[in-house]
S.K.: 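If you scroll down you'll find the structure; I have some questions about it.
The analysis underlying the following values was restricted to heavy atoms, covering all of them including side chains, and did not include hydrogens, waters or symmetry mates. To find a chain, count down the sequence lines: A is the first, B the second, and so on, and within it residues start at 1.
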There are 2 protein chains.
Amino acid sequence: MVTLAEVAQHAGVSASTVSYVLSGKRSISAGTRQRVERSIQELGYHPNAGARALASSRSNIIALMIPLRTDMYVPVMMEIAIAVATNARIHGYDVLLLTGEEGPDAVRRVTGSGLADAMILMDVELDDERLPLLRETDQPSVLIGLPADTSGLTCVDLDFGATGALCAEHLAILGHRDIAVIGEAPAVYERHTGFAERTLDGLRSRSRELGLRVLHRPCEGGYDAMAVTLARILDERPGTTGFVVQNESAVEPLLALLRQQGRAVPEDVSVIAICPDQVATQASVRLTSVAIPAQEMGRYAVEHLIAKLEGRGKDEVVLIAPELTVRASTGPAPTA
Amino acid sequence: MVTLAEVAQHAGVSASTVSYVLSGKRSISAGTRQRVERSIQELGYHPNAGARALASSRSNIIALMIPLRTDMYVPVMMEIAIAVATNARIHGYDVLLLTGEEGPDAVRRVTGSGLADAMILMDVELDDERLPLLRETDQPSVLIGLPADTSGLTCVDLDFGATGALCAEHLAILGHRDIAVIGEAPAVYERHTGFAERTLDGLRSRSRELGLRVLHRPCEGGYDAMAVTLARILDERPGTTGFVVQNESAVEPLLALLRQQGRAVPEDVSVIAICPDQVATQASVRLTSVAIPAQEMGRYAVEHLIAKLEGRGKDEVVLIAPELTVRASTGPAPTA
DNA sequence: ATAGGTTGTCGAAGCGCTTCGACAACTAAA
DNA sequence: TTTAGTTGTCGAAGCGCTTCGACAACCTAT
């Protein structure tokens, strides 16, 4: 393994000079710089990460905590993870992947050991156990998701309240009067992951203003659960013509069931999904949807973290405005 | 930040003693051990990762390279990533997430800098650019996937050849005679990711033995692409009654299209998917499928890596035997 | 010509840990 | 009782880097 000292010797300069060439923290004459850079090339030098971290107390690593469960919005998480990794590299950082499994201990471990300079947390619960630790430490962090108390924290998320409102508006304009919300699995609500509630609140309050009647039913994904849920909804409100689906894995089953019952989409009923665009465009009907901006959230999280690491950047909550894309699954309400 | 030296002082022993308590590399009297452990607790000590890596030239980090594209088997990759992270933690390792973006440079960077002790590569192409580097370095690695030349490498993968054969057998036993394979997107074949070809080869050769006629068509995911593909297949071989689907995102569209054309599943046509169990059970029809054992591959990769790091473990290729689970999407061929 | 500033380079200290050799204090065999 | 081994602890060196202060060499304005 090639060391700084070897590069220095090869280039005929001192070790510190090589270090300054690498970091740019002091000015170096053009000649020296070139000689050093050539030596680095020729010897195939790569700075040792451990030594660098020890000496500078900066690891150039960002920790990303992703939930262990794979029961929920998997593609979204994957997209966020990839966006985080890609953007981190752009700024010279690597990404350490932590699963939620360890919970608060993982936060302690990372901050305590200097493994990472900063962290991004996903799947934040309303009253998340990890938050007190984050507030105590001076290590920068960004949450993807919104806890109940955001004081002293930086958060990014889709504005799910506005998302719900947007769905209500779209259906109202099309003339629908009775709508149903197919929510996430009950476990998601029990866990108090805020986004589901926020969507519902936004949708309900806007619906009230617009005179829509709303029925909300949580739903495990899958065909069988969806069948039960749909039957109950239509039993209770036979006149339901609009559906808002938050649980990705309920979308296809719902479409299949509606078809099976002879309810045409979008002629008889309209369906809006809250999901990544990729899911919306690959479904069996091209779905009118509100996109979950995974890339954007990942990028924002990284950039804000970098800003904090550089001393810029303050705590703030950023809610990304939702965008509804009309595709083939929504249309005017049937005239009764 | 608490250091080893502070713990040592607090416990009234030398720094090296604390280190040995931590590592267990020398015997320590019960009394001393307890005193040290109490001090560690009381002070909330966490060893500094950089210092440790520098002194021991072991980072206790495993690098995981995942493909950048999200066009393919996303849930599988996510499951593997989580399995890797979870199992790595069990052995005291953390996981560094690299995207395929940097290609071979990422390999050089990681091995050169001592950032990670070992690496796991996913999405391996038949003639992958990264392989020569892996053969040169003495850093252990495991591939998830199978390149053309496996000499000097360790690989895990589902036995896709046997998977193809298994699908053929299942359909043959049910009396089907004309079957179609809905393959991955053309890009996947162009990229020479071996698994698609291997599936096809296994399926074709077993079909020949069993007297099945096989039509293979690559297919982008999504409804529209599937519609075109299906139309062509039925045009060319109207008597097709069995489908094997390798592209996850073609499954639902296929089911929707078949339904729409009045072809009942499984009465008129049978469908086998090659996909994670979760996808198979959540589809609009509970799918007969060959599972992609993501968890198992992730676990195996980590365990083999650990074995190599500990000096045990040699290069080998492990092909996991496929398992076909019969669900509701396959049945006897209709009697003509 | 001189004082005051820049610029470019170097040497040395030190980051927090692991690990080697040394050695005192025992124990077991001769 | 002596010798040889075992066990538990310590001190010191060193891992490869960053960074601080020092300083020679050169400007630029007086």
Side-chain angles (χ1 to χ4, degrees), chain A residues 1-37 39-40 43-61 92 94 109-117 309, chain B residues 1-37 39-40 43-61 92 94 109-117 309:
Chain A
M1 186 172 268
V2 189
T3 69
L4 224 208
E6 294 175 286
V7 173
Q9 194 178 0
H10 185 272
V13 298
S14 76
S16 46
T17 300
V18 177
S19 178
Y20 286 123
V21 168
L22 252 29
S23 69
K25 291 191 179 171
R26 286 204 180 169
S27 51
I28 296 287
S29 67
T32 306
R33 166 177 286 106
Q34 281 175 21
R35 240 169 334 122
V36 170
E37 279 167 354
S39 297
I40 288 176
L43 300 179
Y45 169 72
H46 286 270
N48 180 87
R52 189 169 253 194
L54 178 56
S56 65
S57 35
R58 295 287 239 88
S59 63
N60 282 288
I61 289 180
D94 276 296
R109 197 164 59 84
V110 168
T111 57
S113 67
L115 240 186
D117 297 332
L309 286 168
Chain B
M1 184 172 271
V2 189
T3 69
L4 224 209
E6 293 174 289
V7 174
Q9 193 177 1
H10 186 271
V13 297
S14 75
S16 45
T17 299
V18 177
S19 178
Y20 287 123
V21 167
L22 251 30
S23 69
K25 291 191 179 173
R26 287 205 180 168
S27 52
I28 296 286
S29 69
T32 306
R33 164 175 290 107
Q34 281 176 21
R35 240 170 332 123
V36 170
E37 280 166 354
S39 298
I40 289 176
L43 301 179
Y45 169 71
H46 285 272
N48 181 87
R52 190 169 253 194
L54 178 56
S56 65
S57 35
R58 297 286 240 88
S59 63
N60 282 287
I61 289 180
D94 275 295
R109 196 164 60 84
V110 168
T111 59
S113 68
L115 240 185
D117 297 332
L309 286 169

S.K.: When you get a sec, tell me which of D:dG11, C:dC17, C:dG8 is the closest nucleotide to the side chain of A:Ser29?
M.R.: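 The closest nucleotide is C:dG8.
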S.K.: Starting from the 5' end of DNA chain D, give me the residue, B:Gly12 or B:Ala55, whose nearest nucleotide shows up first.
M.R.: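 That would be B:Gly12.
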S.K.: Heavy-atom count around A:Gln9 CD within 6.0 Å, excluding the residue itself: above 12?
M.R.: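 It does not: A:Gln9 CD has 12 such atoms or fewer within range.
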S.K.: Expressed in angstrom and rounded to an integer, what is the separation of A:His46 atom NE2 from D:dC15 atom P?
M.R.: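 The distance from NE2 of A:His46 to P of D:dC15 comes to 21 Å, rounded to the nearest Å.
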S.K.: Quick one: the side chain of A:Tyr20 and the base of D:dC17, do they pair up donor-acceptor inside 3.5 Å?
M.R.: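 Between D:dC17 and A:Tyr20, which were checked side chain against base, a qualifying N/O pair under 3.5 Å is absent.
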S.K.: Measuring from atom CD1 of A:Ile40 to atom CZ of A:Arg33, what distance do you get when rounded to the nearest 0.5 angstrom?
M.R.: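 CZ of A:Arg33 is found 10.5 Å from CD1 of A:Ile40.
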S.K.: Without hydrogens or angle criteria, can the side chains of A:Ser19 and A:Ser16 be said to hold a donor-acceptor pair below 3.5 Å?
M.R.: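 No donor-acceptor contact under 3.5 Å links the two side chains.
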S.K.: Roughly how many Å is it from CZ in A:Arg58 to P in D:dT18, rounded to a whole number?
M.R.: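 Distance, rounded to whole Å: 12 Å.
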S.K.: Quick one: does B:Arg26 reach the base of D:dT9 with a side-chain donor-acceptor pair under 3.5 Å?
M.R.: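 Indeed, a donor on one side and an acceptor on the other fall under 3.5 Å apart.
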S.K.: Does B:Ser16 have a side-chain nitrogen or oxygen under 4.0 Å from the phosphate oxygens OP1 or OP2 of D:dT9?
M.R.: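 No, outside the criterion.
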S.K.: Let's test your reading of the model: under 3.5 Å, does the base of D:dG16 pair with the side chain of A:Thr3 as donor and acceptor?
M.R.: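 In this structure, the two groups form no donor-acceptor pair.
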S.K.: Base, sugar-phosphate, or nothing for A:Leu54, non-hydrogen atoms under 4.0 angstrom?
M.R.: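 Counting heavy atoms under 4.0 Å across all strands, the contact made by A:Leu54 includes a base.
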S.K.: Which distance, rounded to the nearest 0.5 Å, do you find between the OG of A:Ser113 and the CG of B:Asn60?
M.R.: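 Rounded to the nearest 0.5 Å, the OG-CG separation comes out at 11.0 Å.
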S.K.: Is there a donor N/O on one and an acceptor N/O on the other, under 3.5 Å, for the side chain of A:Ser27 and the base of C:dG8?
M.R.: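 By the distance-only test, no, there is no pair.
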S.K.: How long is the line joining CG of A:Asn48 and C1' of C:dG16, in whole Å?
M.R.: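 That distance rounds to 14 Å.
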S.K.: Rounded to the nearest angstrom, tell me the gap between atom CD1 in B:Ile28 and atom C1' in D:dT6.
M.R.: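 About 15 Å, once rounded to whole Å.
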S.K.: From the options C:dC10, C:dT19, D:dC10, select the nucleotide whose nearest atom is closest to the side chain of B:Ser56.
M.R.: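 Side chain of B:Ser56 sits closest to C:dT19.
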S.K.: What nucleotide, of C:dC10, D:dT9, D:dT18, holds the atom closest to the side chain of A:Leu4?
M.R.: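 My answer, after comparing the listed nucleotides, is D:dT18.
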S.K.: What integer distance in Å separates B:Arg52:CZ from D:dG16:C1'?
M.R.: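 Spelled out: CZ on B:Arg52 to C1' on D:dG16 is 18 Å.
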S.K.: Measure from CG on B:Leu22 to P on C:dG16 and round the result to the nearest Å.
M.R.: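 Answer to the nearest Å: 16 Å.
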S.K.: Do A:Ile61 and B:Leu115 make a side-chain contact, defined as non-hydrogen atoms from C-beta onward lying under 4.5 Å apart?
M.R.: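 Yes - at least one pair of side-chain heavy atoms lies under 4.5 Å apart.
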S.K.: May I have the distance from B:Lys25 (atom NZ) to D:dT9 (atom C1'), rounded to whole angstrom?
M.R.: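 Taking atom C1' of D:dT9 as the reference, NZ of B:Lys25 is at 18 Å.
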S.K.: Whole-Å distance between C:dT18 C1' and B:Asn60 CG?
M.R.: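 Answer to the nearest Å: 13 Å.
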